[in-house]
Amino acid sequence: MSVKEIFESMDYGPAPESAKEALAWLEAKGGIAGPWVGGKRGELRADMESRNPATGERLAGLTKCTEAEVNAAVKAARKAQPGWEKLGGHGRAKVLYAIARGMQKQSRLLAVMESLDNGKPIRESRDIDVPLAIRHFYHHAGAAQLFDSEMAGRAPHGVCGQIIPWNFPLLMLAWKIAPALAAGNTVVLKPAEYTSLSAMVFAEICAEAGVPPGVVNLVTGDGETGQALVAAEVDKIAFTGSTEVGRRIREATAGRNIPLTLELGGKSAYIVFDDADIDSAIEGLVDAIWFNQGQVCCAGSRLLVHEAIAEDFHARLKRRMDGLRIGDPLDKCIDVGAIVDPVQLQTIRTLVEGNTAGKTYHAACPLPATGAFYPPTLITGLSPSDPLMQEEIFGPVLVSTTFRTPAEAVELANNTRYGLAATLWTENVNLALDMAPKLAAGVIWVNATNLFDAAAPFGGIRESGFGREGGPEGMRAYTKPAKLAAAPKEQKAFEGDGAPEGGIDRTAKLYIGGKQVRPDGGYSRAVHGPKGALLGHASLANRKDLRNAVEAMNAARGWGKATGHLRAQILYYIAENLSARAEEFAARLNALQGGHKGADEVEASVRRLFTYAAHADRYDGRAAGVPLRGVALAMKAPTGNIAALAPAATPLLGLVSLMAPAIAMGSRVTLVASEPFPLAAMDFYQVLETSDVPAGVVNILTGDHAELAPSFASHMDVDAVWSFSDPALAAGIEKASAGNLKRTWVTQRDFTTPDGEGEDFLEAATEVKTIWIPYGE
Ligand code: NAI
């Protein structure tokens, strides 16, 4: 083509980046990616292989680490951990900083390796993946430096097992490793089987940066290697990947007292209002669904467009799709690269070909003759229940439907089992900020999409998983309380056959939806004092009562919209009413448990109510300054419906200590009272009834914890289960929670100490919602 012709057509000419250095690097390493353990390369075996999805060519062999190799890596991490922690915040900061510098020096190699191995356009790996990964290490060098002040009273977990997917191999590695190391943990990370090569470059950068041997360990392999890592003696698991595997990991770790964070799939809504800047919204959509070929957990894969502009919008979108350039990922002019592997390509094809609803449009842009490529695709006219509106395709396929009102947009957007992200396009700031809190998602982008930063928490709700990565929230997930007072010993109910005290028997009911109700089963049990006197009868709640309590919580959702000021007022009012009846409660507690500590317990309960009344309008979100033209608001949203099992000991204080943080943060709660000493809770109903607590915000059941716990944990409308009851319940709760991947918090605390209150409780009662808005010049 002559220069004149080029000027006339304005076609792009290819501008490929050379693969030479990256391929030479691989060859120099023996052409095999394998484990990196204790600061050294492990055994290299070509058990599997890594291929370039754009060409099908073999890039390297891959060791599939065995259980023994995984355990050896965990052992190396265990050995290195105390020394790494003792290095102190500044010592660790220097190493993290050196890693960031090292990555910067190798940024070209990292970008090329990433594009070769994953198929993503070099423009993306060069300008997004690698710089964001580096930024993560810089930011967390700061987190390490300030660890003692920012994370006072916190300590690392120990050894973290981390499993990452193939869509952002280096970036996900950075998201996992940087905060873990900053907090003083050591790690064993498993890259995804399709994409382990950039992790090998990273291992060398670590060695050069002075990371002590054993602090960072890598085990290569597939799902079986991942399973071995989950089964190994690690102190925490962090996973990013499919919801299905996330669920299996939840089940596999149940009852092992291992904190877990899961970043899973999504089907995120991309909402365009009729007043949006249409051209920007279309460019945004290119980033939302064709960035990384749509293989992005938070991809804006469900377009919801205002009916009035839908026709025009779809027409313009198709024109833009036709102009996208698909091809060699190493070509700097390419918009869309290759799908990670032929297996994933086939998954996408099967899903799209299996769809009979709506109209399918494949972009007219030419596809390379060979390699794992799939055209940008738009499917319009789907209805919310169509499988492709619900299933994650994880490819360059956008599905679309229309809406008429903002309320309908919210309903459609939230009609999914996932809750990772959502995007809003409108020129009306009032509309955007009205919509943002209504969308059930962990991340909301306003007039932008797919923005990420180390300072901004990222993560989902519902079946998109739990936990946050980035910002202080991400750091906290890699820490635990440095020291906890021993929890009181297991206590059993007293037995006896004495006559009712005072001659009158009392059978307390359950407290559901603001009313005292009889238990569905009609059963109750006698409650005796330490000397055998009959103190009353406590109702035995069953699954039906539990369901009613959940319905009552659902009906009380409006509580989440109450202001912090109002929630504080109600907590103060509860405290005031409890205080007015302090003597009566103290006497009841003494009768139930024996001894004379009842008055102290009532006093401590009043204080705790004051504490959370104080937090109600104080535990606020923050604005994260991100290095983009915007600000990320990390808002605290209520967790939702919480079921909480109270500890046996301190039956009033335990109950109050779980109720108060939940309702202070706008969540609703169903409490299961202390199993041996339920009567204190039942007197508490009357306090609630006189304190303006809206019906359904607090519900209280009494009964058998072992029976109720798994039912709560498997209930699809319960968002979180907390258990401070018998530790033996942990396995059942955590296993059953895998159904809707609800958050669980199973622990033991002494509620008479400061361990029984504070940020852990507030954090559990809230979800961080990150809202990115344009801001500044
Ligand atoms: P996956 O969830 O199977 O793999 C993610 C990681 O988990 C890999 O490192 C894998 O080796 C490991 N793994 C697999 N089974 C395991 C097990 N039982 N125990 C421990 N680790 C295990 O994802 P896959 O198969 O690569 O992709 C399948 C689908 O998952 C995709 O089509 C997509 O829908 C979704 N996906 C979602 C991602 C996200 O970021 N949310 C990322 C990758 C995939």
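Counting begins at 1 with the first residue of the sequence. Ligands are counted one by one from 1 in listed order, and the atoms in each one are counted from 1 as well.
Contact annotation: for V296 versus ligand 1, there are no heavy atoms closer than 4.0 Å. The backbone of D222, and not its side chain, has at least one atom closer than 4.0 Å to an atom of ligand 1 (non-hydrogen atoms only; backbone = N, CA, C, O). The residue Q295 has no part lying near ligand 1, judged by heavy-atom distances below 4.0 Å. Using a 4.0 Å cut-off between heavy atoms, Y194 makes no contact with ligand 1 at all.
For a threshold of 3.5 Å applied to N or O pairs, the pair formed by F239 and ligand 1 contains no separation below that value. At a 3.5 angstrom cut-off on N or O pairs, E193 counts as close to ligand 1. Polar contact check, Q344 against ligand 1: a nitrogen or oxygen pair lies under 3.5 Å apart. In terms of polar-atom proximity, defined here as any N/O pair under 3.5 Å, S242 does make such a contact with ligand 1. For the pair V245 and ligand 1, the shortest N or O to N or O distance does not fall below 3.5 Å.
Side-chain contact check for T63 versus E43: every heavy-atom pair is 4.5 Å or farther apart. Annotation: side chain of I379 is in contact with side chain of N355 (closest heavy-atom distance under 4.5 Å).
Using a cut-off of 4.0 Å between Lys/Arg side-chain N and Asp/Glu carboxylate O, E763 and R476 are scored as salt-bridged.
When each of N71, I249, I163 is tested with L229 by the rule side chain to side chain contact (heavy atoms under 4.5 Å, CB included), just one qualifies, namely I163.
The backbone N or O of S196 sits less than 3.5 Å from a side-chain atom of D117, completing a donor-acceptor pair. Within the 3.5 Å criterion, the main-chain N or O of G739 finds a donor-acceptor partner in the side chain of R247. The main-chain N or O of L741 is never found under 3.5 Å from a side-chain atom of E463 such that the two would form a donor-acceptor pair. Looking only at distances, a side-chain donor or acceptor of R41 sits under 3.5 Å from a matching main-chain atom of K29.
Nearest protein heavy-atom contact of atom 39 (C) of ligand 1 is C297 CB, 3.4 Å. Closest to atom 34 (O) of ligand 1 among all protein heavy atoms lies E392 OE1, 3.1 Å. Ranking the protein heavy atoms by distance from atom 14 (C) of ligand 1 puts G223 CA, 3.5 Å first. Of the protein's non-hydrogen atoms, the one nearest atom 33 (C) of ligand 1 is F394 CG, 3.3 Å. Counting only heavy atoms of the protein, atom 27 (O) of ligand 1 lies nearest to W166 NE1, 3.7 Å.
Proximity to G226 (heavy-atom distance under 4.0 Å) selects the following atoms of ligand 1: 19 (N), 20 (C), 21 (N). Ligand 1 places these atoms under 4.0 Å from at least one heavy atom of R248: 18 (N). Close contacts between ligand 1 and I164 involve ligand atoms 6 (C), 8 (C), 9 (O) [criterion: under 4.0 Å to a heavy atom]. Less than 4.0 angstrom separates some heavy atom of A192 from each of these atoms of ligand 1: 9 (O). Taking every heavy atom of P165 and a limit of under 4.0 angstrom, the matching atoms of ligand 1 come to 42 (C), 43 (C). Of all the atoms in ligand 1, the ones that sit under 4.0 Å from a non-hydrogen atom of I163 are 6 (C), 7 (O), 9 (O), 12 (C), 20 (C), 21 (N). With ligand atoms numbered from 1 in the order given, ligand 1 contributes 41 (N) to contacts under 4.0 Å with heavy atoms of G265.
In this pair, W166 and Y194 present their aromatic rings tilted. The plane angle is within the 30 to 60° band. In this structure, W425 and Y270 have tilted ring planes: the angle between them lies in the 30° to 60° band. F452 and W445 have perpendicular rings, their planes meeting at more than 60° on a 0 to 90° scale where under 30° would count as parallel.
Atom 24 (P) of ligand 1 is approached by the protein to below 4.0 angstrom, counting heavy atoms only. Note that atom 4 (O) of ligand 1 has no protein non-hydrogen atoms nearby, at separations under 4.0 angstrom.
Side chains of T639 and T766: a donor-acceptor N/O pair is absent below 3.5 angstrom, by distance only.
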Worked check of side chain to side chain contact (heavy atoms under 4.5 Å, CB included) between T220 and K190: CA-CA 6 Å; T220 47; K190 193 195 88 63; over 6 Å; no
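Annotation: cation-pi pair K742/F466 absent, no NZ/CZ under 6.0 Å from the ring centroid and within 45° of its normal.
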